[in-house]
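Below, all heavy atoms of this structure are taken into account, side chains as well, without hydrogens, waters or symmetry copies.
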Amino acid sequence: SPNGRLRRTWPLAGGISADMTAVEMEDGNGRAQKFVVRQYGPAHQQQNPHIAAHEFQLLRRLQDAGIAAPPPHYADPAGALLGKPCLVMGYIEGQLDFAPADLPQAMRQFAHHLAQIHSLTDAKLGWPLLPRLGVACPELARPQSDSALETAPLRRALAAAVRPSSRTAVLLHGDYWPGNVLWQAGRLTAVIDWEDARLGDPLFDLSISRLDVAWIFGPAALSIFTQAYAAATAVDTTSLPYWDLCAVLRLARLAGTDLAAWVDFFKPYGRADITVPWFQEQVQAFAKAALAQLTKRQNP
């Protein structure tokens, strides 16, 4: 915008993997516009030096497919402007909501948008640069890290289990949880943070979502979300217990040993009821159910 004028900037809360800044400007005709500048952290830069260019291309394809994702405007893969790679996207009105007024309806919308994402196969995307997820739980390939959650029995069960069968690869968000969707007036307005996107088994995404829904909103919400997803897709869920356990290992790694800091994230969003005991109880119940189902299917 050659004749544009900067009005204000402000940091956006909630970003972990990248620094997020909102920018409001006025174009040469006096019209106000808002954008988001996403600056990638060192972990993602090391994992993918081309992350800004790749996410820009992915967001363009998501726009073409009608997915509720931020529209991309500009990418600086080399970090020439701000010292590190960045992406400029359109600002979408909305906020995180961990206490929706109508929880069942929110869970149905959450499931519907995940089903939309999974409707995009690698052939439909037509973009060969996305990484591919293997058929085995990726957490098993990582060194076992310290965690406040007991994971050794889960790792043994997954290592001994028959790997899920390969299926048509679909687009995976990679981190589809309630902290990566925006809401406004009870409507889901955007799915954000696509830097972990890949191609693979849709149950990988589904299980991450299921676990986070379970410990944030409880078992009733988990049931509504899972049923709504199943009704919107034709995905075979036979291998769901395997991926559920994989999701628990992933969460244990991310949460680490400081569970108090993990649950403190939710207090500003009106969820002081989410405590360490609640977190542990819900995650352990989820893991126990998945382990029992996996054992039953492996030993009918």
Side-chain angles (χ1 to χ4, degrees), residues 1-98 109-110 113-114 116-117 120 127 129-130 171-198 265-266 268-269:
S1 182
N3 298 313
R5 182 177 66 87
L6 180 65
R7 284 187 172 181
R8 60 180 178 130
T9 68
W10 65 99
L12 296 176
I16 298 175
S17 60
D19 293 327
M20 308 284 286
T21 306
V23 176
E24 183 177 12
M25 60 165 286
E26 184 179 293
D27 67 15
N29 296 315
R31 293 173 299 191
Q33 293 178 295
K34 292 180 182 179
F35 301 92
V36 173
V37 179
R38 180 179 182 83
Q39 299 178 73
Y40 297 93
H44 277 103
Q45 292 181 54
Q46 183 176 8
Q47 180 180 339
N48 180 4
H50 309 289
I51 188 167
H54 285 183
E55 189 167 359
F56 179 89
Q57 292 296 331
L58 175 61
L59 290 177
R60 289 184 62 179
R61 283 163 171 77
L62 295 178
Q63 294 296 302
D64 293 341
I67 301 297
H73 292 287
Y74 177 79
D76 178 16
L81 293 178
L82 301 176
K84 53 184 173 181
C86 76
L87 176 69
V88 180
M89 305 168 287
Y91 181 94
I92 298 180
E93 298 292 342
Q95 55 279 320
L96 302 182
D97 189 355
F98 295 105
Q109 289 187 60
F110 192 53
H113 282 269
L114 183 60
Q116 276 192 315
I117 294 168
L120 299 178
W127 192 46
L129 295 181
L130 278 175
L171 175 63
L172 307 178
H173 178 276
D175 193 19
Y176 191 82
W177 78 293
N180 275 337
V181 293
L182 301 179
W183 301 84
Q184 186 179 44
R187 184 176 68 87
L188 196 158
T189 57
V191 180
I192 59 175
D193 292 1
W194 288 86
E195 70 268 19
D196 291 324
R198 63 193 75 181
F265 170 84
F266 297 89
Y269 298 98

Could you check whether any side-chain heavy atom of [X] comes within less than 4.5 Å of a side-chain heavy atom of [Y], counting everything from C-beta outward?
X    : Y    : result
E93  : T189 : no
I117 : W194 : yes
L120 : L62  : yes
M89  : F35  : no
E195 : R38  : yes
V181 : I192 : no

- Item | side-chain hydrogen bond (donor to acceptor under 3.5 Å, both in side chains) contacts in which one or both residues fall within residues 70-82, not counting sequence neighbours | none
Tell me the closest heavy-atom pair linking [X] and [Y], and the distance in Å.
X    : Y    : result
Q39  : C86  : CG-CB, 4.0 Å
R60  : P72  : CG-CG, 3.5 Å
L58  : A197 : CD2-CB, 3.5 Å
A18  : Y40  : CB-CA, 4.1 Å
A75  : L87  : CB-CD1, 4.1 Å
H113 : A68  : CE1-CB, 3.8 Å

From [atom1] ([X]) to [atom2] ([Y]), nearest 0.5 Å:
X    : Y    : atom1 : atom2 : value
R61  : F56  : CZ    : CZ    : 10.5 Å
D64  : L59  : CG    : CG    : 11.0 Å
M25  : R5   : CE    : CZ    : 9.5 Å
Q116 : L171 : CD    : CG    : 11.5 Å

- Query: Parallel, tilted or perpendicular for F98 and Y269, by the 30°/60° rule?
  - Reply: perpendicular
- Item | For N180, all residues meeting side chain to side chain donor-acceptor pair (under 3.5 Å), sequence neighbours excluded | D175
- Apply side-chain contact (heavy atoms from CB on, under 4.5 Å) to L182 and L96, showing your working. CA-CA 5 Å; L182 301 179; L96 302 182; 4.0 Å; yes
- Task: Check whether any side-chain N or O of Q47 sits under 3.5 Å from a backbone N or O of D196 as a donor-acceptor pair, and report yes or no.
- Result: no
- Query: Under the 3.5 angstrom rule, does the side chain of D27 hit a backbone N or O of N29 as a donor-acceptor pair?
  - Reply: yes
- Task: Decide side-chain contact (heavy atoms from CB on, under 4.5 Å) for T9 and V37; before the verdict, give the C-alpha distance in whole Å, the side-chain angles of both, and the deciding distance to 0.1 Å.
- Result: CA-CA 10 Å; T9 68; V37 179; over 6 Å; no
- Message: Among residues at least two apart in sequence or on other chains, which ones pass ring pair (Phe, Tyr, Trp, His ring centres under 6.0 Å) with H54?
- Response: H50, W127
- Message: Could you work out, with salt bridge (charged side-chain N to carboxylate O under 4.0 Å, His left out) as the rule, every residue matching R7, not counting sequence neighbours?
- Response: E24, E26
- Task: Not counting sequence neighbours, which residues clear side-chain contact (heavy atoms from CB on, under 4.5 Å) with A53? List them please.
- Result: P77
- Message: Considering only residues two or more places apart or on different chains, which pairs with a residue in residues 177-189 satisfy salt bridge (Lys or Arg N to Asp or Glu O under 4.0 Å)?
- Response: none
